[in-house]
Amino acid sequence: MPSRTASAATPLPATPAPATSAPAEEEGQSRSIAAVERAMDVLLYFGRAEQPDLGVTEIATALGLTKAAVHRILTALRSRELITVDPATRRYALGHAAVALGRAYLARTDVRAMAAPELKLLSERTHETATLSLRRGDTRLYVDQVVPDQELRLEVSLGIPFPLNAGASSKAFLAFLPDFELEAYITRHPLAAVTDKTITDPAKLRKDLAAVRKRGYSTSLGERQTGAASIAAPIFDHDGRVVAVISVAGPALRFKPEGDAGVVADLQGCAARISAQLGYQP
């Protein structure tokens with residue numbers, strides 16, 4: 001009997017799938033990340049620059065980039081309205097979208113949350129009560145405090161309004177107001193006396209506030225609370241406006257803030273760090 005040969009077709013060799021180059025993909029991702037970082041550097045440089053508008057050459061020189069690279073980045077940022085250009089001068093400035101981002105951040109900032117760790121640090125370093133005050137019209141009020149672990153200590157009442165001429169925290173608000181606002185406050189109504197040490201004479205108050213503005217902090221000895229001593233420094237926002245005041249207060253028999261350079265340095269350091277978080281640049 002003749003042998004039977006298998007008729008099954010011989011399978012064709014499989015076509016190898018195109019290999020993906022992992023190193024090539026990683027290189028592409030690295031380049032994309034680097035491009036984003038350069039764009040962020042350019043955008044952030046506008047926030048650091050002293051002048052409101054910049055030219056391509058200025059940016060390239062400051063950041064160590066080529067003018068061609070800077071031009072491409074600015075074109076991309078303009079497409080998202082993060083940067084705008086003056087057609088006449090060909091100089092660039094922050095656009096509407098960048099301003100909107102800044103306003104969104106500021107709208108979400110909570111000065112009390114920012115100040116909380118600084119109050120704790122200040123109280124621990126001075127062993128006295130650290131407070132935060134906000135202004136409400138022609139008054140200011142304590143909104144937070146950290147008290148020391150001492151039997152004899154000073155505690156403040158939160159949410160109670162005080163006139164802006166009574167005490168170190170109040171005077172720190174007044175001293176750094178624009179002159180027209182200060183004069184409006186002084187002339188609007190008689191200066192209220194909270195204790196027999198409160199400054200109620202306009203001329204004396206103006207002189208005291210001028211000294212406060214010069215040294216950068218205010219002090220009080222019984223001007224708001226009899227037997228209490230305090231020192232206060234202003235907290236500024238991105239526009240240089242006083243938005244809050246941080247202070248240290250304690251019993252006058254023990255606490256002598258003006259004679260302790262360490263207390264002054266600690267207080268001003270805390271105020272400066274909070275101000276920086278709010279975008280203030282001295």
Side-chain angles (χ1 to χ4, degrees), residues 112 115-135 139-177 185 191-235 242 244-275:
R112 283 178 293 186
E118 298 292 348
L119 291 177
K120 184 174 184 296
L121 175 65
L122 199 53
S123 182
E124 289 174 351
R125 291 181 66 90
T126 62
H127 307 291
E128 299 293 354
T129 299
T131 74
L132 180 73
S133 294
L134 297 179
R135 181 184 172 189
T139 66
R140 66 95 187 168
L141 50 123
Y142 293 111
V143 295
D144 202 1
Q145 68 177 322
V146 174
V147 297
D149 186 17
Q150 296 208 64
E151 184 174 352
L152 179 60
R153 62 192 184 189
L154 183 71
E155 293 190 43
V156 301
S157 299
L158 304 184
I160 305 298
F162 294 102
L164 292 179
N165 60 300
S169 293
S170 290
K171 291 189 298 181
F173 277 110
L174 273 188
F176 296 93
L177 289 178
Y185 176 82
L191 301 178
V194 179
T195 72
D196 59 356
K197 296 290 183 67
T198 304
I199 301 176
T200 57
D201 177 71
K204 185 178 179 180
L205 181 61
R206 289 188 185 95
K207 183 178 180 180
D208 188 80
L209 295 178
V212 170
R213 194 179 301 113
K214 183 175 181 180
R215 65 176 178 254
Y217 63 88
S218 61
T219 59
S220 168
L221 183 59
E223 294 177 23
R224 185 198 64 83
Q225 181 176 342
T226 301
S230 61
I231 181 171
I235 295 170
V242 184
V245 166
I246 189 170
S247 78
V248 184
L253 293 175
R254 179 181 68 217
F255 186 48
K256 312 291 182 183
E258 283 193 284
D260 192 333
V263 171
V264 175
D266 287 336
L267 175 70
Q268 292 187 310
C270 289
R273 286 190 292 273
I274 301 170
S275 297

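These numbers come from a predicted model, not from an experiment.
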Is a side-chain N or O of T219 found less than 3.5 angstrom from the main chain of I231, in a donor-acceptor match?
no
Open item on the list: Is it the case that the side chain of S218 and the backbone of A168 share a donor-acceptor pair, with hydrogens and angles ignored and the cut-off at 3.5 Å?
Closed with: yes
Practice task
Say whether, by atom type as modelled, one donor and one acceptor occur between the side chain of T226 and the main chain of G222 under 3.5 angstrom.
Solution key: no
In terms of heavy-atom contacts, L141 and G159 come closest through CD1-CA, 3.8 Å
Looking only at heavy atoms, the pair that brings A166 and S170 closest together is O-OG, 2.9 Å
State, with a plain yes or no, whether a side-chain heavy atom of Q145 is found less than 4.5 Å away from one of V147.
yes
Other residues, nucleotides, ligands: >12 heavy atoms within 6.0 Å of K207 NZ:
no
Problem - Validation row: F162, S133 side chains within 4.5 angstrom (heavy atoms) - result: no
Side chains of R273 and L121: closer than 4.5 Å at any heavy-atom pair? yes
> Using 4.0 Å as the upper bound for N to carboxylate O, is an ion pair formed by R112 and D144?
Replying inline: no
G250 and L154 have their tightest heavy-atom pair at N-CD2, 3.8 Å
Output for pair (C270 SG, I246 CD1), nearest 0.5 Å, gives 5.0 Å
What one should report as the nearest heavy-atom pair of I199 and N165 is O-ND2, 3.0 Å
Within the 4.5 Å heavy-atom criterion, are L122 and V146 side-chain neighbours or not? no
Separation between CG (L132) and CD1 (I274), nearest 0.5 Å, reads 6.5 Å
*asked:* Is it the case that the side chain of S123 and the backbone of K120 share a donor-acceptor pair, with hydrogens and angles ignored and the cut-off at 3.5 Å?
replied: no
Any side-chain heavy atom of Y185 within less than 4.5 Å of one from L174?
yes
Item to complete: For side chain to side chain contact (heavy atoms under 4.5 Å, CB included), just list the numbers for F176 and V212, CA-CA rounded to whole Å, side-chain angles, deciding distance to a tenth of an Å, and then say yes or no.
Response: CA-CA 9 Å; F176 296 93; V212 170; 4.0 Å; yes
Distance col, row R254:CZ vs E128:CD, nearest 0.5 angstrom, shows 4.0 Å
- Step by step, would you call T139 with L164 a side chain to side chain contact (heavy atoms under 4.5 Å, CB included)? CA-CA 5 Å; T139 66; L164 292 179; 5.7 Å; no
Could you tell me whether R213 atom CZ has more than 12 heavy atoms of other residues or ligands within 6.0 Å of it? yes
Here the gap from E124 atom CD to D266 atom CG, rounded to the nearest 0.5 Å, amounts to 11.5 Å
* Asked: Would you say the side chain of Y217 lies within less than 4.5 Å of the side chain of V264, judging by non-hydrogen atoms?
  -> yes
Query - Heavy-atom side-chain contact between R135 and L177 under 4.5 Å - result: yes
For T200, does its backbone N or O pair with a side-chain atom of K204 as donor and acceptor, under 3.5 Å? no
Between P234 and V242 the two heavy atoms that sit nearest each other are CB-CG1, 4.1 Å
Review point. Do S220 side-chain atoms and E223 backbone N/O form a donor-acceptor pair below 3.5 Å?
Key: yes
- Query: Could R140 and Y142 be counted as a cation-pi pair, given that NZ or CZ must be under 6.0 Å from the ring centre and within 45° of the axis?
  - Reply: yes
Just do the side chain to side chain contact (heavy atoms under 4.5 Å, CB included) check on K171 and V245 with the steps written out, would you? CA-CA 10 Å; K171 291 189 298 181; V245 166; over 6 Å; no
Closest non-hydrogen atoms of A229 and F255, given as atom of the first, atom of the second and distance, are O-CD2, 3.4 Å
Item to complete: Taking the side chain as every heavy atom from C-beta outward, state whether V194 and P163 have any pair of such atoms under 4.5 Å apart.
Response: yes
Could you walk me through whether T131 and S247 satisfy the side-chain hydrogen bond (donor to acceptor under 3.5 Å, both in side chains) test, starting with their C-alpha distance in whole Å, then the side-chain angles of each, then the deciding distance to 0.1 Å, before giving a yes or no? CA-CA 5 Å; T131 74; S247 78; 2.4 Å; yes
